[in-house]
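These notes concern the structure reproduced below.
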Amino acid sequence: MSANATPLRVLIVDDEEPARAFLRRRLAEVGGVEIISECPNGFAAVKAAAEHKPDLVFLDIQMPRLDGFEVCELLGPGVPVIFVTAHDEHALRAFEVAAVDYLLKPFSAERLRKALERARTRIGRPAPEILSIAARAKPGGYLERLVVKDGPDIVLVPCEKIDFIEAQQDFVALHTQGKVLLKNQTIASLEAALDPRHFVRIHRGSIVALSRIAQIHPYSKDDKMAVLKDGTRLPVSRAGYKKLRALWEEGAPAPETGG
Amino acid sequence: MEDRWLQRARRGFFLAWIPASAGLWVALSLAGGRGFLQSAPWVLGLCLLYAWLCYSARYLCRVLPLRRERLSRWLLTHILAALLVSALWTAVAWLLDEGWNTPARDWLGVGLVWFGSGVLLYLVSVGFHYLLLSLEETRLAEQAAHRSALLQRDAEVRALRAQLNPHFLFNSLTALASLLEEDPARARDMCILLAEFLRSALQHGGRAAVSLEEEMALAHQYLAIEKIRFGERLAVEEDIPAECRAARLPPLLLQPLVENAIKHGVSQLLEGGFVKLAARREQGGLSLSVENRFDPEAAPSRPAGMGLRLTEQRLRAFAGDEAWLRVTARGDRFTSSLWLPDTEGA
């Protein structure tokens with residue numbers, strides 16, 4: 001069946017050599033697949049994916065520095081991913097980031113064949129909408145860091161280093177200690193993924209870290225202006241101000257409010 | 001649970017007053033005073049009052065534990081209390097009986113019955129309270145012993161389950177499946193390692209104490225398996241002097257620390273890392289440390305492990321409160337170290 005189809009060009013990403021060897025052999029058994037590269041970590045995977053444009057990526061979840069979910073996010077929704085992991089604790093999250101399939105190591109050739117069939121039906125169709133990057137966080141938790149592609153580099157941004165975030169069309173600009181990083185993401189999905197005790201959507205176009213606000217000034221009839229510790233001025237909508245007030249009433253340290 | 005037991009004892013105490021008041025009723029009728037039937041309600045009422053007073057003696061008993069060195073003071077207090085409470089009771093009986101209408105000599109017999117039985121009943125109650133208090137104490141001690149035994153067993157079960165960490169097991173099986181095709185001889189070795197490791201983990205789990213040598217053998221088996229998975233990325237160093245090898249420690253104590261060192265160390269490091277096991281004889285005991293390289297930026301929040309707390313609890317349950325376990329992170333080095341005093345042939 002797979003003999004007359006064009007071979008799928010796949011990428012294998014796993015930090016353990018025996019696991020890569022296992023997958024390599026199973027893929028050879030099933031056939032119809034061309035392994036274009038094997039990567040021992042997420043950084044190599046993102047680079048290889050950009051270079052080779054694979055049809056499908058086999059992705060381990062527990063890996064050093066960048067985990068499978070972060071790699072998946074960096075690859076973007078256009079690259080079909082099959083997660084390959086030793087344990088089923090991540091299955092729900094894998095489903096939420098719209099993975100093609102979820103294989104539990106070690107698996108049979110039969111199980112792999114099914115996963116490949118599923119991948120073939122996915123390829124060529126428009127990529128499914130990923131619910132939100134919030135799905136990447138552990139159930140009941142929030143993201144602890146963001147992963148951003150900065151030119152050829154991958155930057156890990158711990159959330160506590162973020163000062164504020166601005167929406168810019170299809171991107172968001174992360175302002176971290178004077179540096180600006182662009183991430184391909186909507187501000188709404190980012191808002192859902194960040195801890196609401198520390199990050200507040202103060203306006204349609206901005207999210208601010210609560211601890212960075214130095215002052216709040218009245219600005220117009222409805223709006224106010226937040227002055228951050230680094231001097232940046234950001235507009236605060238009425239709804240945004242309400243959220244800030246609610247947090248301060250819960251005990252978050254409040255800045256001066258002018259006028 | 002405790003409450004129900006106390007409630008039952010209290011019910012028993014008050015029920016015992018039924019025969020007591022009946023006896024008193026008969027004694028009073030014989031001593032003269034009111035008629036047999038007439039006196040029933042007020043004898044019953046007064047006995048109720050007195051039962052309550054005697055029950056309150058429980059609080060006095062609680063603050064005055066029975067000790068040999070303070071026996072005279074103890075006796076004096078209770079005798080005085082008995083005289084006082086009984087006098088009070090007799091006075092109430094006199095008032096209720098309208099004693100002023102009775103010639104003093106006629107009431108004397110009745111009064112003596114009241115007073116005498118009052119003293120006696122009070123002292124009997126005091127005896128009852130001491131019995132109850134000592135029973136309660138034994139019961140609490142039993143409960144505490146039971147709890148610590150449960151804690152111990154719980155720790156064993158959890159330690160054992162930690163060995164069967166699903167990631168470890170399934171990743172090892174994957175490595176095994178891959179070796180079967182590539183290198184059957186190494187696959188066979190890995191099978192043996194895995195079997196030996198699981199067997200010793202199970203055996204250790206059921207024992208009260210193991211030697212450091214045995215615990216190290218387990219760690220070797222574990223690390224040998226992990227070495228197959230991680231290959232060159234994992235380096236193992238060891239510094240265990242011969243004089244430490246016979247030291248006794250609770251089973252599977254070192255194992256979770258070694259596992260942590262892998263989980264937060266080499267498995268998070270792109271370029272790999274080491275695990276170093278060291279032991280020393282120090283201050284009349286044994287020092288152990290597990291050191292590993294880790295990536296300080298890898299995990300923004302490293303959950304202060306439930307497993308570590310459990311290990312510390314087990315260590316203390318085994319070697320007493322002097323023993324300690326602490327973890328330190330300095331630069332890219334993470335160290336778990338512990339110390340326990342020597343135990344005699346445990």
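By convention in this document, chain letters (A, B, ...) are assigned in the order of the sequence lines, proteins followed by strands, and residues within each chain are numbered from 1.
With a threshold of 4.5 angstrom between heavy atoms, A:Arg20 does not approach chain B through any atom at all. Both the backbone and the side chain of B:Leu173 have a heavy atom closer than 4.5 Å to some heavy atom of chain A. Residue A:Phe107: no heavy atom, backbone or side chain, is found under 4.5 Å from chain B.
A tilted orientation is assigned to the rings of B:Tyr222 and B:Phe168, their planes being inclined by 30° to 60°. In this structure, B:Trp324 and B:Trp339 have parallel ring planes: the angle between them is below the 30° cut-off, well short of the 60° mark.
A donor atom on one side chain and an acceptor atom on the other are found under 3.5 Å apart for B:His220 and B:Glu238. Side-chain N/O atoms of B:Glu291 and B:Thr335 include no donor and acceptor closer than 3.5 Å.
Judged by distance alone, with hydrogens and angles left aside, the side-chain atoms of A:Lys229 form a donor-acceptor pair with the main-chain N or O of A:Ser211 at under 3.5 Å.
Annotation: A:His175 is in aromatic contact with A:Phe164 [ring centroid separation under 6.0 Å].
Of all residues spanning residues 49-63 of chain A, those with a heavy atom less than 4.5 Å away from chain B's heavy atoms are A:Gln62, A:Met63, arranged by number.
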Contacts table for residues 187-202 of chain B: side-chain donor-acceptor under 3.5 angstrom, sequence neighbours left out:
residue	atom	partner	partner atom	Å
B:Ser200	OG	B:Glu196	O	2.5
B:Ser200	OG	B:Gln221	OE1	3.1

